[in-house]
Amino acid sequence: MGASVLKPTLPSANIVGPALTVRNIVQREPVHETARDHVNRMAEFEAHNLALPGDVIVIDGVAGISNMGGISAQTGKRQGEAGAVISGGIRDVGHSRRVGYPVWATEITPVTGKWRIETVEINGDIQISGVRVSPGDIIVADETGVCFIPLARAAEVLERALRKAAFEEQKCAAIDAGTAVADLPTNA
């Protein structure tokens, strides 16, 4: 499973920013008890409180249950976050769209995480789609998918990406000038 399973809620959105990571698990207690007793152990709001403008909240979440909803998205928008990437369910997509907070998630669900999910770690190493993500790693996301870049390799990846983009611009200019695709150079 790759990062292409993370689908955007705002198809035209593009984000780049450092990861602020969150790890959620299913609460151990039965949901009828936690709801009755108002036991809410979701702590993505604590992550929002720690976020700096431009940060990307990255949640290793729970499938079938919402790990982020509309109020959380609105809070992230207020904090100036670039957006969120969530392995697991989200809800209130219309709300996050209205406030312009882009989210990439593996699924959408109406099931609230309140009473069901427990946040067990903020700013620790997590796994998203089989990829290790550490706090501060660079997240790049657009309508095609999500890329996780280890902070230690960010300069190298940027250099290669800029070189590749310049090469593709040259190829597009050649195509517009009438060059046949078969006659285009194949690498930079």
Side-chain angles (χ1 to χ4, degrees), residues 1-24 44 47-48 50-61 67-68 72-73 75-90 93 96-97 99-108 121-188:
M1 177 164 78
S4 62
V5 301
L6 296 158
K7 304 297 183 200
T9 58
L10 292 170
S12 62
N14 300 295
I15 64 170
V16 176
L20 196 161
T21 61
V22 176
R23 187 164 56 93
N24 289 339
E44 86 275 13
H48 291 308
L50 295 171
L52 299 174
D55 281 353
V56 178
I57 301 293
V58 184
I59 301 177
D60 179 3
N67 294 264
M68 179 180 281
S72 183
T75 303
K77 180 69 172 184
R78 181 201 67 205
Q79 293 297 98
E81 296 164 11
V85 175
I86 301 164
S87 179
I90 61 168
V93 173
S96 62
R97 284 181 180 148
V99 300
Y101 185 80
V103 179
W104 283 256
T106 55
E107 58 185 271
I108 297 170
E121 187 173 28
I122 296 175
N123 267 342
D125 290 345
I126 60 174
Q127 292 278 324
I128 303 292
S129 298
V131 177
R132 179 179 164 175
V133 180
S134 298
D137 283 354
I138 305 302
I139 311 304
V140 179
D142 64 13
E143 61 194 13
T144 304
V146 179
C147 184
F148 307 102
I149 303 166
L151 185 57
R153 298 197 59 202
E156 171 195 351
V157 171
L158 176 61
E159 179 185 320
R160 289 179 181 214
L162 291 173
R163 194 167 51 238
K164 175 78 171 164
F167 182 64
E168 287 190 5
E169 284 181 26
Q170 292 172 354
K171 286 173 73 171
C172 288
I175 290 169
D176 289 346
T179 304
V181 173
D183 296 332
L184 294 172
T186 56
N187 54 37

- Considering all heavy atoms, the nearest Glu44-Asn67 contact: CD-O, 4.1 Å
- Is the backbone N or O of Ser72 less than 3.5 Å from a side-chain atom of His48, with the two atoms forming a donor-acceptor pair by type? yes
- Task: Please confirm whether the backbone N or O of Asp55 pairs with a side-chain atom of Glu81, one donor and one acceptor, at under 3.5 Å?
- Result: no
- Task: Give a yes or no answer on whether the side chain of Trp104 reaches the backbone of Leu10 with a donor-acceptor pair at less than 3.5 Å.
- Result: no
- Message: If you apply the rule side-chain contact (heavy atoms from CB on, under 4.5 Å), what do you find for Ile139 with Val58, and how did you get there?
- Response: CA-CA 9 Å; Ile139 311 304; Val58 184; 4.0 Å; yes
- Taking all atoms of both residues into account, what is the closest heavy-atom pair of Arg132 and Ser134, and its distance? NE-OG, 3.7 Å
- Note on the structure: Rounding to 0.5 Å, atoms CD1 (Ile126) and CD (Glu121) come to a distance of 9.0 Å
- Is any NZ, NE, NH1 or NH2 atom of the basic residue among Arg23 and Asp60 found under 4.0 Å from an Asp or Glu carboxylate oxygen of the other? no
- Under the 3.5 angstrom rule, does the side chain of Asp137 hit a backbone N or O of Phe148 as a donor-acceptor pair? no
- Query: Do Thr9 and Ile90 have side chains that get closer than 4.5 Å, going by heavy atoms?
  - Reply: yes
- Sub-4.5 Å side-chain heavy-atom contact between Leu50 and Ile122: yes
- Which atoms form the tightest heavy-atom contact between Ile128 and Ser87, and what is the distance? CD1-CB, 3.8 Å
- Answer whether the closest heavy-atom distance between the side chains of Ile149 and Val140 falls below 4.5 Å. yes
- Has the side chain of Thr106 got a donor or acceptor atom that lies under 3.5 Å from a matching backbone atom of Gly88? yes
- Query: How close do Gly136 and Leu151 get, heavy atom to heavy atom, and via which atoms?
  - Reply: O-CD1, 3.7 Å
- Query: Salt bridge between Arg153 and Glu156, side-chain N to carboxylate O under 4.0 Å?
  - Reply: yes
- Message: Using every non-hydrogen atom in the two residues, find where Leu184 and Ala174 come nearest and quote the distance to one decimal.
- Response: CD2-CB, 3.6 Å
- Using modelled atom types only, decide if a donor and an acceptor are shared between the side chain of Tyr101 and the backbone of Gly83 within a distance under 3.5 Å. yes
- Task: For Ile15 and Pro102, work out which heavy atoms get closest and say how close.
- Result: CG2-CG, 3.8 Å
- Sole candidate of Thr21, Val133, Leu6 that passes side-chain contact (heavy atoms from CB on, under 4.5 Å) when paired with Val85: Leu6
